Amino acid sequence: MDVRTAQATIEDLLAATSDTLVLVVPPDATAWQLPKPLKALLEEAVVQQDLTLKPGKTLYLHRPAGFKPQRLVVAVAADASAKAFKAAVSAALGPVRGSGAKSVTLAWAGRDALGADHAEQAVRALDDALYVYRHTKPSAPPASKLVRVTLAVNEAAGGSARTAATNKAALVAVREGVRRGQAIAAGVGLARECANRPGNHCTPTYLASEARALARGHGLKVEVLERAALEKLGMGAFLAVAKGSDEPPKFIVLQYHGAGKKDAPLVLVGKGITFDSGGISIKPAGEMDEMKFDMGGAASVLGTFRAVAELQPKINLIGLIPTCENMPNGGAMKPGDVITSLAGKTIEVLNTDAEGRLILCDALAYAERFKPAAVVDIATLTGACVIALGHHHSGLFSTDDALAQGLLNAGQAALDTAWRMPMDDEYDKALDSNFADIANVGPRYGGSITAAMFLKRFTSAYRWAHLDIAGTAWRSGAAKGATGRPVALLTHFVLAQAAAAA
Ligand code: BES
Ligand code: MN
Ligand code: ZN
């Protein structure tokens, strides 16, 4: 998507050269000093009950009098926040998507200038709405013809007096926001595409080839460890999961170097189960297809590297992706088996469906060798997290308050939020085993917390946080598909860490 930015007054917009003008207005728009054709149009639409000035409402007009663009979409935003702007842009895209629009001018008819966050959200919302999954569905409607978006930074809108200097600053901020939005959108798009591909297409081998392609295209370092290397290392927990499947496991190591050689890196670890049947503790058939999304954590790591490679922050970043299938063939691990992890701890496998923590614990032990500043793992780890938080917030678990706060803040800034969950020591006892150092499951209740407590036992060497994205990585039902979350949260977190270090 080609995105331009331009300074424009509200009068300029009426003569915009795009074929479509999307105007986001505040709920009190009719009380504003607006150019005549616009004010008249809004007032009449309200009187005729074609437009309600309530958040999320839109009005589509074809060839409105006094406007050069042949399409006009008015969308109402609750307030001047980036969140409200994003919601209004998303609402406006309904009519735009179904039209022949090729070029859109997007503007805000409010008093305050658009900021970087507004621009970022608008670009991301546009890109998100225009994504079409086609890889195994060639009959899907072709991607939108929309080729150019101009974000108009309105100077002196609504009668407010702004100087040339403040207008210039607004333009600079919007350009920065567009750059961030485009990088994040590309990362989200990559994560969605990987996660949407079915398990027979998106295999561990496919994820490894995607990582290699990403590295080649963006100057990253990549290494893929094969089964023999994993055996030599002693990744007994990861390999125990992988051995129930005919697909070879891969351990992907991505590296981005944006800071000094000696600067401790941030490490992202993504769960890459390309299909989770549950193994011998097999899952019920209903909705089992959705377990192709069980590599959403891995996809978010790839997506974040895509965004970071484009934005070039001054930070060192390592991505670790253990990826395999969880299947029940004749060689599969069995309930009761005791396996030895890379950290040396033995694990009693009480349920083969609690496989995510088994592949992650070896990746978390592997992370130690990078002497990380912090480690964040991202995993579609527990159904219990979906019960606890639903689909709005990702679950955040950490024993490090500063790290947790940093991730929560990044989620807020990115509008890709997380909610902190407890990790009191009392939860730990549930993982005691009579036959090994630790059991891989605890009781049913509080299942997302015991899963986090399991991981915690492998993270004593560094600052660590865990994001359970089981409820946020994909949607079910008619809108079934990957969301690309939490690429935006992670990218904002990486940028904030880089800014704090500078
Ligand atoms: N990948 C699943 C978690 C999951 C399930 C995410 C449903 C989203 C929807 C994970 O590997 C799993 O199976 N977890 C078990 C853990 C249990 C056996 C302790 C679960 O949540 O049921
Ligand atoms: Mn499972
Ligand atoms: Zn799983």
Side-chain angles (χ1 to χ4, degrees), residues 191 195 241 267-273 276 278 283 287 290-301 303-304 320-323 326 351 353-361 363-364 367 374-400 403-408 410-412 414 416-424 427-428 430-431 440-459 463-476 482-490 493:
V241 176
V267 179
L268 302 179
V269 179
K271 172 179 173 183
I273 297 290
D276 181 11
K283 287 180 181 295
E287 284 159 29
E290 296 189 6
M291 284 299 114
K292 72 171 185 177
F293 295 120
D294 209 18
M295 34 57 73
S300 76
V301 171
T304 302
L320 303 178
I321 298 175
T323 172
N326 186 23
N351 189 323
D353 198 9
E355 85 297 341
R357 61 199 80 180
L358 298 178
I359 73 169
L360 290 172
C361 74
L364 289 168
V375 177
V376 179
D377 76 71
I378 309 99
T380 48
L381 202 61
T382 64
C385 190
V386 192
I387 303 291
L389 294 175
H391 302 286
H392 295 297
H393 298 296
S394 300
L396 168 65
F397 301 79
S398 182
T399 45
D400 186 307
L403 181 57
Q405 197 55 51
L407 287 159
L408 291 173
Q412 292 284 347
D416 178 4
T417 54
W419 193 266
R420 192 165 178 191
M421 299 281 283
M423 286 200 78
D424 305 77
Y427 290 100
D428 188 73
L431 295 171
N440 80 327
V441 294
R444 196 158 100 89
Y445 297 108
S448 68
I449 306 169
T450 33
M453 295 309 285
F454 179 95
L455 298 177
K456 178 176 173 252
R457 291 219 198 171
F458 296 84
T459 60
R463 301 168 67 213
W464 161 79
H466 156 61
L467 285 165
D468 193 331
I469 58 166
T472 52
W474 75 90
R475 291 187 195 92
S476 307
T483 60
R485 289 181 70 180
V487 167
L489 179 159
L490 292 169
F493 180 68

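Values in this document were obtained by computation on a predicted structure and should not be read as measured data. Side-chain atoms are counted along with the backbone in the values below, which use heavy atoms only and exclude waters and symmetry mates.
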From [atom1] ([X]) to [atom2] ([Y]), nearest 0.5 Å:
| X | Y | atom1 | atom2 | value |
| --- | --- | --- | --- | --- |
| T450 | L431 | OG1 | CG | 6.0 Å |
| D424 | T399 | CG | OG1 | 11.0 Å |
| L455 | D377 | CG | CG | 5.5 Å |
| I273 | M291 | CD1 | CE | 11.0 Å |
| L268 | L320 | CG | CG | 8.5 Å |

Within-4.5 Å side-chain heavy-atom neighbours: [X] and [Y]:
| X | Y | answer |
| --- | --- | --- |
| T459 | V375 | no |
| T304 | I378 | no |
| L490 | S300 | yes |
| R457 | D428 | yes |

Sub-3.5 Å donor-acceptor pair from the side chain of [X] to the main-chain atoms of [Y], do we have one?
| X | Y | result |
| --- | --- | --- |
| D416 | R485 | no |
| D468 | T382 | yes |
| T472 | H391 | no |
| D400 | A465 | no |
| T380 | I469 | no |
| R357 | L381 | no |

Tested for side-chain contact (heavy atoms from CB on, under 4.5 Å) against F397, the lone hit among M453, K456, M421 is M421
Closest heavy-atom contact between [X] and [Y]?
| X | Y | result |
| --- | --- | --- |
| L489 | A418 | CD1-CB, 4.1 Å |
| A195 | A482 | CB-CB, 3.5 Å |
| A367 | V267 | CB-CG1, 4.1 Å |
| T323 | G272 | OG1-O, 2.7 Å |
| L403 | W464 | CD2-C, 3.4 Å |
| P486 | L467 | CG-CD1, 4.4 Å |

Inset, instruction - Would you check, one step at a time, whether the test side-chain contact (heavy atoms from CB on, under 4.5 Å) holds for K283 with D276? - result: CA-CA 8 Å; K283 287 180 181 295; D276 181 11; 3.4 Å; yes
Hey, is K271 close enough to D294 for a salt bridge, meaning N to O under 4.0 Å?
yes
| Aromatic rings H393 and W419: how do their planes relate, parallel, tilted or perpendicular, breaks at 30° and 60°? | tilted
Relative to the ring of F458, is the ring of F454 parallel (under 30°), tilted (30 to 60°) or perpendicular (over 60°)?
tilted
Check: With distance as the sole criterion, is a donor-acceptor pair present between the side chains of E290 and S476 under 3.5 Å?
Finding: yes
